[in-house]
Amino acid sequence: DVPSFDADLYPEVCLRGLAGFIPGLRAYVDGESERPLIDGGYYTQTPENRPLIGPGGVPGYYVNGAFAGFGLMAAEAAGELCAAHVLGNTLPSYASAFVPSRYADPAYPLEELVSRGGGSI
């Protein structure tokens with residue numbers, strides 16, 4: 001038998017689990033606050049739907065995001081690519097398609113990609 005799970009308790013289960021990693025959340029578990037709730041989430045994405053992976057324009061700052069809902073599926077490859085940027089390793093040929101600085105390149109085909117429905121990760 002598969003155990004049942006009360007979906008109404010999901011936010012509280014998440015909060016209790018996260019409190020083990022983020023001690024400041026313990027106040028919400030042990031306190032007299034209202035029960036937590038989940039109100040969906042937000043997808044971050046770029047106009048052409050390609051993630052941002054690479055240097056963020058400030059020394060020591062790197063971006064690895066804007067996955068438009070594909071974060072779990074792309075996490076390993078994106079993490080590997082971001083780590084290559086951070087460590088100064090040789091980058092794969094496709095790395096330039098994801099760097100935030102691509103928008104400053106006049107040769108970057110942003111309008112074409114957007115008109116085609118965006119890129120795909």
Side-chain angles (χ1 to χ4, degrees):
D1 285 334
V2 176
S4 63
F5 180 75
D6 183 352
D8 291 336
L9 294 176
Y10 181 71
E12 187 167 347
V13 169
C14 289
L15 178 62
R16 288 177 180 277
L18 286 170
F21 296 102
I22 307 169
L25 293 177
R26 177 64 50 197
Y28 296 98
V29 173
D30 297 334
E32 297 292 321
S33 63
E34 295 180 25
R35 285 187 63 201
L37 62 96
I38 294 179
D39 186 21
Y42 299 96
Y43 291 138
T44 56
Q45 67 185 84
T46 60
E48 78 282 25
N49 202 28
R50 287 185 177 174
L52 300 170
I53 306 170
V58 177
Y61 175 70
Y62 295 85
V63 177
N64 190 5
F67 292 101
F70 294 101
L72 287 177
M73 292 181 280
E76 290 182 18
E80 185 176 333
L81 179 56
C82 191
H85 280 286
V86 171
L87 297 172
N89 292 348
T90 301
L91 299 172
S93 60
Y94 58 82
S96 63
F98 303 114
V99 292
S101 61
R102 67 185 184 251
Y103 298 111
D105 181 356
Y108 184 67
L110 178 61
E111 290 181 26
E112 177 187 338
L113 291 168
V114 172
S115 70
R116 290 191 329 215
S120 189
I121 59 172

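Source: prediction; values computed, not measured. Here, residue 1 is the first one in the sequence, and each next residue gets the next number.
- Here Arg16 contributes atom CZ and Leu18 contributes atom CG; the two are 12.5 Å apart, rounded to the nearest 0.5 Å.
- What you find for Asp105 and Ala107 is that their closest heavy atoms are OD1-N, 2.9 Å.
- Atoms CG and CG, on Leu15 and Leu9 in that order, are 12.5 Å from each other to the nearest 0.5 Å.
- Classification of the His85-Tyr62 ring pair by plane angle, with boundaries at 30° and 60°, yields tilted.
- Between the CD atom of Gln45 and the CG atom of Leu52 there is a distance of 11.0 Å, given to the nearest 0.5 Å.
- Contact detail for Phe67 and Ala78: the closest heavy-atom pair is CZ-CB, 3.5 Å.
- Between Ala19 and Val29, the closest heavy-atom pair is CB-CG2, 4.1 Å.
- Considering all non-hydrogen atoms of both residues, Ile53 and Cys82 come closest at CG2-N, 3.7 Å.
- Between Pro51 and Arg102, the shortest heavy-atom contact is O-NH1, 3.0 Å.
- For Leu72, the CG atom is loosely surrounded, since the number of other residues' heavy atoms within 6.0 Å does not exceed 12.
- In this structure, Leu113 CG and Asn49 CG are separated by 10.5 Å, a value rounded to the nearest 0.5 Å.
- Atom CZ of Arg50 is separated from atom OH of Tyr94 by 13.0 Å, given to the nearest 0.5 angstrom.
- Atom CD of residue Glu48 and atom CZ of residue Arg116 lie 10.5 Å apart, to the nearest 0.5 angstrom.
- Open room surrounds OH on Tyr43; 12 or fewer heavy atoms of other groups in view lie less than 6.0 Å from it.
- In terms of hydrophobic clustering, with Ile, Leu, Val, Met, Phe, Trp and Tyr side chains grouped at heavy-atom distances under 4.5 Å, Tyr103 and Val58 are assigned to a common cluster.
- Of all heavy-atom pairs between Tyr108 and Ala97, the closest is OH-O, 4.1 Å.
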Phe98/Leu91 under side chain to side chain contact (heavy atoms under 4.5 Å, CB included): CA gap, chis, key distance, verdict
CA-CA 11 Å; Phe98 303 114; Leu91 299 172; over 6 Å; no

